[in-house]
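Working notes, structure below.
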Amino acid sequence: MTEFRFPEGFVWGAATAAYQIEGAATEDGRGPSIWDTFSRTPGKVFQGHTGDVACDHYHRYAADVAMMADLGLKAYRFSVAWPRIRPDGTGPVNPRGLDFYDRLTDCLLQHGIDPIVTLYHWDLPQTLQDTGGWTDRETAEHFADYAVAVHGRLGDRIRTWTTLNEPWCSAYLGYGNGVHAPGEQDAGAAFRAVHHLLLGHGLAARALRAAGAEVVGITLNPADVRPADPDSAADADAVRLVDGLHNRIFLDPLTGAGYPEDVLEHVSRLVEPDFIRDGDEKVIAAPIDLLGINFYSPTYVAGRPGGAGASAYPGTEGSVEFLPPTGPLTDMGWMIEPAALTRLLERIGRDYPGLPLIITENGGAFPDKTATEGPDDTGWVADTDRVAYLDGHLRAAHEAIARGVDLRGYLVWSLLDNFEWAEGYRKRFGIVHVDYLTQRRTPKESARWYQEVIARNGL
Ligand code: GBH
């Protein structure tokens, strides 16, 4: 019996990102990205892992797509590697780079899988970083040019175009606390990056629309920010600050309200916001048809000076403590609280009405219990924890829909175990196991479970 049925036409799929799965880092004219540089910098990525080979998806895409079809996926979200298309970030287009995504797109369509494109999932061409990366205004314009180049080749077959993946991470982790590429640690740089990422999104969204793109969107990783003590006024202030720096700083300008006053005031205490020019907010407010939401874990804060450990939020050190996660955790150490997803979806639906939502990422890292011995007799890898995580979050998503949220689909992170950024290959998010020595793929129990969920359109 299907207890939790999803709406007719609900989009079921899986997501990946170029640098995390493709490999083939120097093939067919691909230029270096900031992640090639970062992963080669000692001490940045677990055991010096790189995306040089990753899941070798660049060569194995056809078999991977056949596997997706076997699992019954209706949609597949992948990202295009900017340095494959424009190896120098700007300048001439590299047709062999476009050829790969052309083949991938055709293969998906032949299997009846709807492609959902992400144009930027963190792999900035290194040459653009050399001139300042996202702290440089021109990067925004180069991004829009690149978006148009990709659309020019694939626009006749791809309906859904999203610009950025999680600009919060690009800005705060890339330029603020330096945990991600390019590894800068500068509050001012982080906010410049926020603005130029949003500007790049707006310019690209406008250009994609003009070029005839049917559905244009962006993916954020909005946070469900909760107070340690619901009765504490200081905690409520901390929630407002973190919510501003995480959610409203992106969502308000994207939906036409401009930057929130309290956020601008906070930013101004750390950097002169002269990088925000007249007219920028209008560009950023380019209409979008879809908001992608990546969700993993809630955020609990208290209004008191934080402990050691650099906060990812510039300027919160003296006033906000981020509580250590409690209760069941994933292998990333992230708290598992599905109700947080319901709260978050409801909040976005309420505060930013009229915007169709899609969960572009949700999933968990869990160690594969049988990974060391290889798959069990049934050929599956037991990942009961992941099934429980996904089941809980799908129920939470269903609850949000029942409460009136316009949620159109769900894409699991991730199809494959892959290069988990600063954690390298040691953290596994896949519903399909990857043996990195042989590149053998083995669907885990969660993949078989998900296959049934899709077939029944519910739980
Ligand atoms: C996504 O980022 C990425 O889009 C994807 O490429 C990646 O593989 C996937 O998630 C898994 O990491 O530090 O305990 O406060 C998610 C990044 C995860 C960043 C949650 C902020 C806060 C948790 N976000 N994290 S904690």
Side-chain angles (χ1 to χ4, degrees), residues 14-22 33 35 38-39 45-46 49 51 54-55 77-79 81 116 118-123 162-174 176-181 190 197 218-226 242 245-247 250 292-302 306-307 309-313 316 320-337 340-341 344 358-366 386 389-390 393 411-431 434:
T16 63
Y19 190 69
Q20 295 181 273
I21 65 164
E22 286 179 359
S33 84
W35 271 95
F38 191 72
S39 61
V45 174
F46 176 72
H49 292 175
C55 306
R77 171 180 181 254
F78 62 93
S79 81
I116 298 178
T118 303
L119 285 162
Y120 183 71
H121 201 125
W122 307 353
D123 43 0
T162 66
T163 54
L164 308 173
N165 176 69
E166 302 187 353
W168 181 92
C169 291
S170 298
Y172 290 64
L173 306 181
N177 73 1
V179 169
H180 281 185
L197 283 153
I218 182 170
T219 282
L220 303 177
N221 59 317
D224 175 60
V225 189
R226 313 297 297 175
V242 173
L245 292 175
H246 197 122
N247 297 321
F250 294 104
I293 294 182
N294 293 353
F295 179 81
Y296 291 91
S297 186
T299 306
Y300 284 86
V301 300
S311 154
Y313 302 84
T316 60
V320 180
E321 181 185 329
F322 291 82
L323 301 196
T326 55
L329 307 180
T330 70
D331 199 28
M332 298 292 279
W334 298 347
M335 210 172 143
I336 304 175
E337 194 190 339
L341 176 59
L344 178 68
I358 178 170
I359 294 175
T360 31
E361 286 182 28
N362 174 247
F366 295 99
R386 182 172 290 101
Y389 181 99
L390 298 177
H393 285 82
L411 310 175
V412 68
W413 184 272
S414 181
L415 178 71
L416 303 170
D417 289 335
N418 60 47
F419 176 80
E420 178 48 32
W421 306 112
E423 300 290 343
Y425 297 98
R426 77 164 147 170
K427 304 294 181 191
R428 294 177 176 271
F429 274 90
I431 58 170
V434 175

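Indexing begins at 1, ligand by ligand and atom by atom, following the structure's order.
- Here the rule is salt bridge (charged side-chain N to carboxylate O under 4.0 Å, His left out) with Asp331, and of Arg386, Lys427, Arg426 only Lys427 fits it.
- In this model, a donor atom of one side chain and an acceptor atom of the other lie less than 3.5 Å apart for Ser39 and Tyr19.
- Trp122 counts as a contact of ligand 1, since one of its heavy atoms falls under 4.0 Å from the ligand.
- Shown are Val434, Asn418, Asp417; of these, the side chain to side chain contact (heavy atoms under 4.5 Å, CB included) with Ile21 is made only by Asn418.
- There is no protein heavy atom less than 4.0 angstrom from atom 15 (O) of ligand 1.
- For atom 18 (C) of ligand 1, the nearest non-hydrogen atom of the protein is Trp334 CH2, 3.1 Å.
- Ring centers of His49 and Phe419: at least 6.0 Å apart, outside the cut-off.
- In terms of protein heavy atoms, atom 12 (O) of ligand 1 is closest to Glu420 OE2, 2.6 Å.
- Contacts between Cys169 and ligand 1 below 4.0 angstrom, taking non-hydrogen atoms only, involve the side chain exclusively.
- In this structure, atom 22 (C) of ligand 1 has its sub-4.0 angstrom surroundings free of protein heavy atoms.
- Looking at atom 17 (C) of ligand 1, its nearest protein heavy atom turns out to be Glu166 OE1, 3.6 Å.
- When heavy-atom distances to ligand 1 are checked against a 4.0 Å cut-off, Asn165 comes that close only through its side chain, counted from C-beta outward.
- Remark: His246 NE2 to Asn221 CG distance equals 4.0 Å, nearest 0.5 Å.
- Residue His121 has at least one heavy-atom neighbour below 4.0 Å for each of these atoms of ligand 1: 3 (C), 4 (O), 5 (C), 6 (O).
- The closest protein non-hydrogen atom to atom 3 (C) of ligand 1 is Glu361 OE1, 3.3 Å.
- Atoms CG and CZ, from Leu164 and Phe250 in turn, are 9.0 Å apart once rounded to the nearest 0.5 Å.
- Counting heavy atoms closer than 4.0 Å to ligand 1, residue Trp413 contributes side-chain atoms (C-beta onward) but none from N, CA, C or O.
- Nearest heavy-atom pair across Val301 and Val225 is CG2-CG1, 4.0 Å.
- Contact record, Cys169 with Trp122: CB-CZ2, 3.4 Å, taken as the closest heavy-atom pair.
- Counting protein heavy atoms only, atom 9 (C) of ligand 1 is closest to Tyr296 OH, 3.3 Å.
- Short contacts between ligand 1 and Trp421, defined as distances under 4.0 Å to a heavy atom of the residue, involve ligand atoms 5 (C), 6 (O), 7 (C), 8 (O).
- Not a single heavy atom of Met335 sits under 4.0 Å from any atom of ligand 1.
- Here the straight-line distance linking atom OH of Tyr425 with atom CD of Gln20 works out to 9.0 Å at 0.5 Å rounding.
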